[in-house]
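Starting from 1, each residue takes its place in the sequence as its number. Only heavy atoms go into these numbers, but all of them, side chains included; no hydrogens, no water, no symmetry mates. This one's a predicted model, so the numbers in the text were calculated from it and none came from an experiment.
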Amino acid sequence: MQFDRPATTNPIDQLKVVGQPIPRIDGQLKTTGRAMYAYEWHDPKMPYAYGYPVGAAIAKGRIKSMDASAAKKAPGVIAVVTTLDVGDLKKGKFNNAKLFGGDEIEHYHQAIAVVVAQTFEQARSAAALIKVDYTKEKGAFDLRQEMRAAVKPEKQFDEPDTAVGDFDGAFKAAPVTLDESYATPDQSHAMMEPHASIAAWDGDELTVWTSSQMIDWWRTDLATTVAIDKEKIHLMSPFIGGGFGGKLYLRADPVLAAFAAKAAERPVKVALPRPLVMNNTTHRPATIQRIRIGAERDGKITAIAHESWSGDLHGSRLEGAVAQTRLLYAGANRMTAMRLATLDLPEGNDMRAPGEAPGLMALEIAIDEMAEKIGIDPIEFRIINDTQVDPEKPERPFSHRDLVGCLKLGADRFGWSERRRPGSKREGNWLIGIGVSAAFRNNLVLASGARVRLDKDGIITVETDMTDIGTGSYTIIAQTAAEMMGVTVDKVGVRLGDSRFPVSAGSGGQFGANSSTSGVYAACVKLREAITQKLGFNSDDVSFENGTVRSDNRSVPLTEAAGSEVLIGEDTMTWGDLTKTHQQSTFGAHFVEVGVDVATGESRIRRMLAVCAAGRILNPITARSQVIGAMTMGAGAALSEELVVDTRRGFFVNHDLAGYEVAVHADIPHQEVIFMDETDPMSSPMKAKGVGELGICGVSAAIANAVYNATGVRVRHYPITLDKLIGGLPDAA
Ligand code: MOS
């Protein structure tokens with residue numbers, strides 16, 4: 001099915017199941033420990049061995065030699081496979097960095113060996129015995145230094161440069177101007193479940209249980225790297241303990257497991273130990289951003305420019321940090337530009353809301369600063385500069401945009417009118433402040449397929465290679481099928497994350513929920529047709545309700561509709577031009593209250609509120625959980641998260657969860673989420689959009705703005721740690 005016209009009324013609009021607060025259908029499996037994650041997979045008929053990975057101890061250069069003889073002789077060791085043993089391997093289509101194979105080291109902790117032993121401890125202990133002789137090369141590790149040599153790359157996902165009108169002229173002529181620089185550090189996904197895989201060979205066929213956001217991408221790239229036919233690989237990832245973009249693209253663990261299982265002649269499981277994750281895998285690249293805004297005294301923006309610098313291996317990937325600035329605010333004269341430096345740090349790549357998340361961290365401080373310069377309320381300033389059309393291409397309207405509604409409702413609920421001058425509210429040792437930001441994230445759609453069966457018991461089973469990375473895919477897919485087929489959720493079974501099922505959108509870029517349920521919608525339309533045809537019903541007036549198929553005066557229970565057969569509907573939702581004719585985005589507003597200790601400079605979040613306008617909310621429980629998680633991640637980004645670069649040796653120093661500090665429960669006492677009651681018929685038959693990444697967009701800036709409001713100290717370099725505040729704080733007494 002191709003979605004190329006705005007949705008009209010369809011069975012989803014009944015909202016008997018979709019849109020209802022249905023608890024996760026996989027919740028019990030998870031809370032009772034029966035949901036098997038990749039590393040836990042166990043088939044008693046297939047006893048496995050343990051593979052322990054070894055990472056390179058230099059950032060750039062070559063391996064002269066490796067001596068694994070002691071490791072091979074160590075107790076319990078079954079096999080050792082080194083990067084030299086396997087020779088050069090092809091990179092997958094989606095892989096920028098080499099995962100394994102050959103003597104070249106592109107980044108620190110690149111996988112260079114896997115040791116297989118009877119027990120995990122034996123494998124780990126033997127891994128320490130491998131001796132490596134390197135030839136080191138000089139690398140570039142410091143973005144601030146390399147930004148001078150940064151270049152305009154070829155168009156990637158985003159156009160590097162855009163310009164409309166005469167920015168320079170308008171900026172010069174503007175009565176109020178701002179020209180500031182901001183910085184965001186390298187960040188780690190720090191998902192709860194580290195990357196892990198079990199590989200088992202049966203002749204030339206490879207079965208892999210792994211932890212992946214994108215089944216088909218992984219299968220394709222694993223086939224390339226291990227050099228076997230894609231059809232020979234069976235990949236499964238039914239449960240995933242978080243990904244945040246760190247499991248979008250094939251990683252080293254399934255590659256190591258595949259080679260290790262071959263050498264050991266038995267199934268092998270390989271997990272990346274936590275201290276290896278940060279440097280072995282990908283991260284959100286650091287940015288340096290310059291923002292210039294010119295406005296009239298009445299608050300109307302006349303000129304806006306956003307430039308961003310980031311770096312990556314081989315100069316491969318931009319961080320698209322100017323994305324939102326192209327679309328968020330009006331202004332006749334504008335320019336954006338992104339420049340890319342080559343760095344020899346581990347691969348920079350997507351992390352939750354790539355582009356907008358770090359981009360809004362800068363832009364939404366700049367907007368706060370600009371409002372202050374003009375002397376108007378920052379919410380009012382945003383409302384004055386709202387636009388209902390793409391400001392770079394005014395012939396393209398937004399499909400639906402309610403940023404203003406989010407700001408107004410949030411201001412009312414949060415008590416925005418209580419806001420005081422910066423540094424003027426104090427409770428004992430605490431300086432108190434509140435801050436706001438806009439949230440913005442584009443709504444992407446990807447082709448998504450599904451297969452739906454009706455069996456003789458009236459049970460509907462959905463199969464798709466869609467993943468559930470903790471987001472609630474199982475549940476919203478069950479709700480979609482239940483609504484379409486006129487049954488309750490308990491009559492629907494959902495099977496996900498298996499390469500034997502139709503290829504879906506997968507989980508990423510907040511496109512998963514809307515795209516994958518649309519694929520299920522399309523497959524259910526086919527199943528409805530198959531049932532209608534089988535029963536000889538008139539397809540014009542057939543309805544599926546309360547477990548019954550009805551047409552004219554006839555009605556047949558679904559439990560009898562299939563007879564002794566299994567009826568199947570299979571289809572893929574594809575997308576026409578509506579994303580080109582209309583700009584599809586999601587909007588929101590974040591409100592935060594912080595307290596800053598006047599003596600220590602420690603910032604504590606006291607309250608957070610997000611108001612989201614993101615089309616139809618498929619399930620308010622799972623959507624709320626997504627937004628709350630995203631706000632928590634934004635809190636970490638604002639106050640503590642930073643991969644610290646050793647600019648001499650070229651690696652992230654704090655590569656564990658002791659040194660890389662994510663926000664935890666104690667950091668966030670109170671969070672609230674409100675969804676605007678809306679639908680977007682341009683987005684899909686579900687009329688839904690993404691929300692999981694919207695929640696992280698802007699929230700860090702709202703925290704930064706709240707810290708400023710509390711203290712009067714403006715911090716433009718994240719994270720906002722106490723050392724950046726303390727010099728500007730008043731005397732404690
Ligand atoms: Mo997201 S960075 O596409 O998981």
Side-chain angles (χ1 to χ4, degrees), residues 37-44 46-59 61 63-86 99-103 105 107-134 190 192-201 208-211 241 251-281 346 649 651-660:
Y37 290 79
Y39 203 70
E40 300 172 320
W41 204 277
H42 185 62
D43 179 346
M46 287 202 314
Y48 51 77
Y50 292 84
Y52 194 87
V54 180
I58 64 165
I63 297 178
K64 263 197 283 200
S65 63
M66 289 178 82
D67 179 1
S69 53
K72 283 180 181 160
K73 277 184 260 161
V77 170
I78 301 161
V80 178
V81 182
T82 74
T83 189
L84 301 181
D85 297 338
V86 301
L99 298 176
F100 190 52
D103 65 346
I105 302 300
H107 66 87
Y108 191 81
H109 273 175
Q110 177 180 316
I112 58 167
V114 56
V115 178
V116 187
Q118 305 286 356
T119 70
F120 172 80
E121 290 75 12
Q122 288 168 335
R124 181 177 59 184
S125 148
L129 301 176
I130 296 181
K131 291 202 173 61
V132 190
D133 197 6
Y134 298 97
M192 201 178 288
E193 179 202 25
H195 304 69
S197 295
I198 303 182
W201 289 92
V208 179
W209 293 269
T210 190
S211 185
R251 305 286 7 128
D253 51 297
V255 177
L256 296 174
F259 283 107
K262 188 123 235 173
E265 297 179 332
R266 73 195 77 182
V268 172
K269 54 162 70 175
V270 176
L272 300 186
R274 181 67 73 180
L276 216 59
V277 172
M278 270 84 163
N279 285 286
N280 177 269
T281 68
R649 296 182 189 83
F651 71 106
F652 300 127
V653 180
N654 49 340
H655 50 85
D656 59 32
L657 290 178
Y660 185 85

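Rounding to the nearest 0.5 Å gives a distance of 7.5 Å between CD1 of I63 and CD1 of I58. Separation of atoms CD (E40) and CH2 (W209) is listed at 14.0 Å; rounding is to 0.5 Å. With rounding to the nearest 0.5 Å, the separation of OG in S211 from OH in Y39 is 13.5 Å. Distance check, rounded to the nearest 0.5 Å: NE2 of H195 to CG of N280 gives 8.0 Å. Summarising the geometry, atom CG belonging to L272 is positioned 10.5 Å from atom CD belonging to E193; distances are rounded to the nearest 0.5 Å. A distance of 11.0 Å separates CZ in R251 from CG in L256, rounded to the nearest 0.5 Å.
Heavy-atom neighbours of M192 CE from other residues, nucleotides or ligands within 6.0 Å: at or below the threshold of 12.
A tilted orientation is assigned to the rings of F100 and F259, their planes being inclined by 30° to 60°. Taking the six-membered ring where the residue is Trp, Y50 and F120 present perpendicular rings, their angle passing 60° and hence far from 30°.
Inter-residue side-chain proximity for V277 and H655 is flagged as unmet; no heavy-atom pair is nearer than 4.5 Å. Side-chain atoms of L276 and P53, non-hydrogen and from C-beta on, do get closer than 4.5 Å to each other. Side-chain contact between D67 and I130 is absent, with no heavy-atom pair separated by less than 4.5 Å. Contact annotation: the side chain of V54 never approaches that of V114 to less than 4.5 Å [non-hydrogen atoms, C-beta and beyond]. Residues L657 and M278 meet the side-chain proximity criterion, which asks for heavy atoms closer than 4.5 Å. Side-chain contact between P194 and P273: absent, with no pair of heavy atoms (C-beta onward) separated by less than 4.5 Å. Contact of the D103 side chain with the L84 side chain is registered, since non-hydrogen atoms from C-beta on lie closer than 4.5 Å.
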With side-chain contact (heavy atoms from CB on, under 4.5 Å) as the criterion, how do V116 and V77 come out once you've worked through the C-alpha distance, each side chain's angles and the decisive distance to 0.1 Å?
CA-CA 6 Å; V116 187; V77 170; over 6 Å; no
Any chance you could lay out the side-chain contact (heavy atoms from CB on, under 4.5 Å) test for K72 and L129, step after step, and finish with the verdict?
CA-CA 9 Å; K72 283 180 181 160; L129 301 176; over 6 Å; no
Q) Between T119 and Q122, does a side chain to side chain donor-acceptor pair (under 3.5 Å) hold up when you go through it step by step? A) CA-CA 5 Å; T119 70; Q122 288 168 335; 3.3 Å; yes
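Side chains of K269 and Y48: a donor-acceptor N/O pair is present below 3.5 angstrom, by distance only.
For the pair A123 and A117, the tightest heavy-atom approach, listed with the atom from each and the gap, is N-CB, 3.4 Å. When all heavy atoms of A190 and R274 are compared, the closest pair comes out as C-NH1, 4.2 Å. Between Y134 and A57 the shortest heavy-atom distance is OH-N, 3.0 Å. The two residues A71 and A126 come nearest to each other via the heavy atoms CB-O, 3.4 Å. In plain terms, the two heavy atoms of P254 and V208 that are nearest each other are CB-CG1, 4.1 Å. Annotation for T210 and S197: closest pair OG1-OG, 2.8 Å, computed over non-hydrogen atoms.
When atom types are taken as modelled, the side chain of T83 and the backbone of I112 share no donor-acceptor pair closer than 3.5 angstrom. The closest donor-acceptor contact from the side chain of W201 to the backbone of E265 lies at 3.5 Å or more, if one exists at all. Judged by distance alone, with hydrogens and angles left aside, the side-chain atoms of D133 form no donor-acceptor pair with the main-chain N or O of K64 at under 3.5 Å. Put simply, the side chain of H107 gets close to the backbone of N279: a donor and an acceptor are under 3.5 Å apart.
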